[in-house]
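Keep in mind that what you see is a predicted model, and the values were worked out from it rather than measured.
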Amino acid sequence: MLPKTRVSDPELYQLVEEELYRQEHNIEMIASESTVPLEVMELSGSVFTNKTLEGYPGSRFQAGAEVADKLETMAIERAKALYGCEHVNIQPYSGATANYGVYAAILEPGDTVLGMRLDQGGHLTHGSPANFLYKVYKFAAYGVDPETEEIDYDALEKQAKEIKPKLIIAGGSSYPRLIDYERISKVAKEVGAYFMVDMAHVSGLVAAGVIPSPVPYADFVTSSTTKTFCGPRGGMILCKAEHAKKVDKGVFPGSLGSMHLTTMAAKAWCFKHMATPEFKELMQQIVVNAKLLAEELSKYGFRIVSGTTDNHLIMVDLRPKNISGKVLQNALDSIGITVNKNQIPFDPASPFVTSGARIGLTSITQRGLREKEVKIIASIMNDVANAPEDEAVLADCKARVLQLIENFPLYPAGSFDD
Ligand SMILES: Cc1ncc(COP(=O)(O)O)c(C=O)c1O
């Protein structure tokens, strides 16, 4: 692995080795993570990194763009075919910057934007006071129904009619259910707003047709190319043809500089791979595993937010188990299961403590874990939640984690041999 760095900077090389070891020996259940195919790693480190380029195919600010033009055009065509959309911009560096590209394309300072509350499933870039854009736009937030813990569409409609936003955003970081895109798009039309869906978490599931696509309903669809997309650390924007020029200007020069051609090449590989039966089967299994983990955990007395999941993540209310998200996260981390503490809707605890945890099934499903292993993971989580400070229990759980994960290599043996 990394034969040049190993010699020129052993100290740095050591960190890469340590991280590989950590990933290999942990059960990784952070909902925003996935394990990239080796091709994605190869392409992310390719010679395209040497090329500085701005603009779009056929209209560049630098010479020497003929190969990059072919690359970007290929990636765009593949993405359009995969998602059935009219226009794609694949230059954004990440999901967050894809959102900034749309804002730069259509919003003016002082415009009103209606997004989902961060503590009920939304994202920092959809209107959190912690994000710098909070000072630029007037953000308002909708949330979930306290009973069903699903989006309160009636309240959203009422609020939209009152505040008349220029943009309505759907999609989020910790929302486990399907979203009625058609309904929100009707509200947006009625109040004269643009409609953007941030499908950062579910873009792999959408590509595989495992959950419904927002593309027919939204003016703009943004995404990370990590998470269920299972690709490089990047982003993209899909939109209708009528918005193409605005979006391209919003991305460059509106909000970003020169594109990352290495990442673009890796995205192009993913767009092809995501159309295969193998990818579809993976996405289907992720949802099967997630639903099963929700069922198993509720049998052990955890409360599943909204009762179940329709996608790759579950939100768990830990109060019935008398443990906070913070304590559970740390206890699980100590035995080799990585999850994150997360506020649940109407959470009385602070974001630093939380009453909940968010658990994602993408990485473990990629490694080949199926129903049998998911049941074992649920049982380990239950043992840890019941005795988060019991050294003997934790040691036993750690041994069970190692035994389980050893049979499912992160990458095939020999992948990193020189
Ligand atoms: C809904 C949503 N949008 C955007 C982002 C930001 O994506 P990135 O980390 O690729 O910038 C995230 C990340 O978790 C997300 O969940």
Side-chain angles (χ1 to χ4, degrees), residues 83-89 92 95-118 120-129 131-145 150-173 175 177-200 202-203 206 212-223 235-251 254-255:
Y83 286 105
C85 58
E86 293 170 1
H87 181 71
V88 183
N89 188 306
T97 51
N99 291 343
Y100 301 155
V102 173
Y103 301 163
I106 57 165
L107 298 178
E108 299 295 333
D111 276 348
T112 301
V113 179
L114 179 59
M116 191 169 185
R117 288 175 63 129
L118 178 63
Q120 297 192 3
H123 186 255
L124 275 171
T125 54
H126 300 177
S128 160
N131 185 281
F132 77 106
L133 290 175
Y134 194 78
K135 296 182 198 146
V136 180
Y137 308 121
K138 281 192 213 121
F139 282 104
Y142 62 87
V144 299
D145 178 294
E150 294 189 51
I151 293 172
D152 187 338
Y153 294 97
D154 291 337
L156 187 163
E157 181 170 351
K158 191 163 166 269
Q159 197 177 2
K161 284 180 176 161
E162 272 163 23
I163 64 172
K164 301 242 169 352
K166 184 151 177 198
L167 174 67
I168 299 179
I169 305 173
S173 300
Y175 188 68
R177 307 308 303 274
L178 296 180
I179 296 174
D180 189 343
Y181 301 126
E182 187 174 7
R183 171 125 197 229
I184 305 179
S185 79
K186 280 186 186 146
V187 173
K189 271 203 190 79
E190 236 183 294
V191 302
Y194 289 109
F195 179 35
M196 173 180 121
V197 174
D198 179 342
M199 64 166 182
V202 295
S203 52
V206 168
S213 170
V215 168
Y217 304 108
D219 295 295
F220 312 97
V221 178
T222 58
S223 185
M236 63 178 178
I237 303 171
L238 321 178
C239 69
K240 302 204 181 302
E242 64 189 279
H243 304 310
K245 274 204 177 114
K246 263 187 284 185
V247 160
D248 286 350
K249 266 173 84 175
V251 171
S255 54

So which atom in [X] and which in [Y] form the shortest heavy-atom distance, rounded to 0.1 Å?
X: Val215; Y: Ser213; value: N-OG, 3.0 Å
X: Ile169; Y: Tyr103; value: CD1-OH, 3.3 Å
X: Ala188; Y: Ile168; value: CA-CD1, 3.9 Å
X: Ala98; Y: Met236; value: CB-O, 3.5 Å
X: Val191; Y: Ala160; value: CG1-O, 3.7 Å

Exercise for the section: Taking atom types as modelled, find out whether His126 and Asp198 have a side-chain donor-acceptor pair closer than 3.5 angstrom. Expected result: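 The answer is yes; a qualifying pair exists.
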Problem - Tyr100 and Thr97: CA distance, side-chain angles, deciding distance, side-chain contact (heavy atoms from CB on, under 4.5 Å) verdict - result: CA-CA 5 Å; Tyr100 301 155; Thr97 51; 4.0 Å; yes
In Å and rounded to the nearest 0.5 Å, what is the [atom1] to [atom2] distance from [X] to [Y]?
X: Asp154; Y: Arg183; atom1: CG; atom2: CZ; result: 4.5 Å
X: Asp152; Y: Lys158; atom1: CG; atom2: NZ; result: 10.0 Å
X: Ile179; Y: Ile184; atom1: CD1; atom2: CD1; result: 6.0 Å
X: Asp111; Y: Lys138; atom1: CG; atom2: NZ; result: 8.0 Å
X: Tyr194; Y: Lys246; atom1: OH; atom2: NZ; result: 3.0 Å

Could you tell me if the side chain of [Y] sits less than 4.5 Å from the side chain of [X], heavy atoms only?
X: Val113; Y: Pro165; result: no
X: Val187; Y: Tyr153; result: no
X: Lys240; Y: Val247; result: no
X: Leu124; Y: Leu118; result: yes

Handout entry: Ionic contact status for Glu157 with Lys161, cut-off 4.0 Å
Key = yes
Handout entry: Steps toward side-chain contact (heavy atoms from CB on, under 4.5 Å) verdict (Met116, Leu156)
Key = CA-CA 9 Å; Met116 191 169 185; Leu156 187 163; over 6 Å; no
Side-chain polar contacts of residues 216-223 - donor-acceptor pairs under 3.5 angstrom, sequence neighbours left out - could you list them?
| from | atom 1 | to | atom 2 | distance (Å) |
| --- | --- | --- | --- | --- |
| Asp219 | OD1 | His243 | NE2 | 3.1 |
| Asp219 | OD2 | Phe195 | N | 2.8 |
| Thr222 | OG1 | Asn99 | OD1 | 2.7 |
| Ser223 | OG | Ser203 | OG | 2.9 |

Handout entry: Pair His87-Asp248, side-chain contact (heavy atoms from CB on, under 4.5 Å): steps then yes or no
Key = CA-CA 10 Å; His87 181 71; Asp248 286 350; 3.0 Å; yes
Practice task
Sequence neighbours left out, what passes ring pair (Phe, Tyr, Trp, His ring centres under 6.0 Å) with Tyr142? Give chain and number order.
Solution key: none
Problem - Stepwise side-chain contact (heavy atoms from CB on, under 4.5 Å) check, Tyr175 with Gln120 - result: CA-CA 7 Å; Tyr175 188 68; Gln120 297 192 3; over 6 Å; no
Exercise for the section: Mind telling me whether Phe139 and Tyr137 have parallel, tilted or perpendicular rings, with 30° and 60° as the class edges? Expected result: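 The rings of Tyr137 and Phe139 stand perpendicular, inter-plane angle above 60°.
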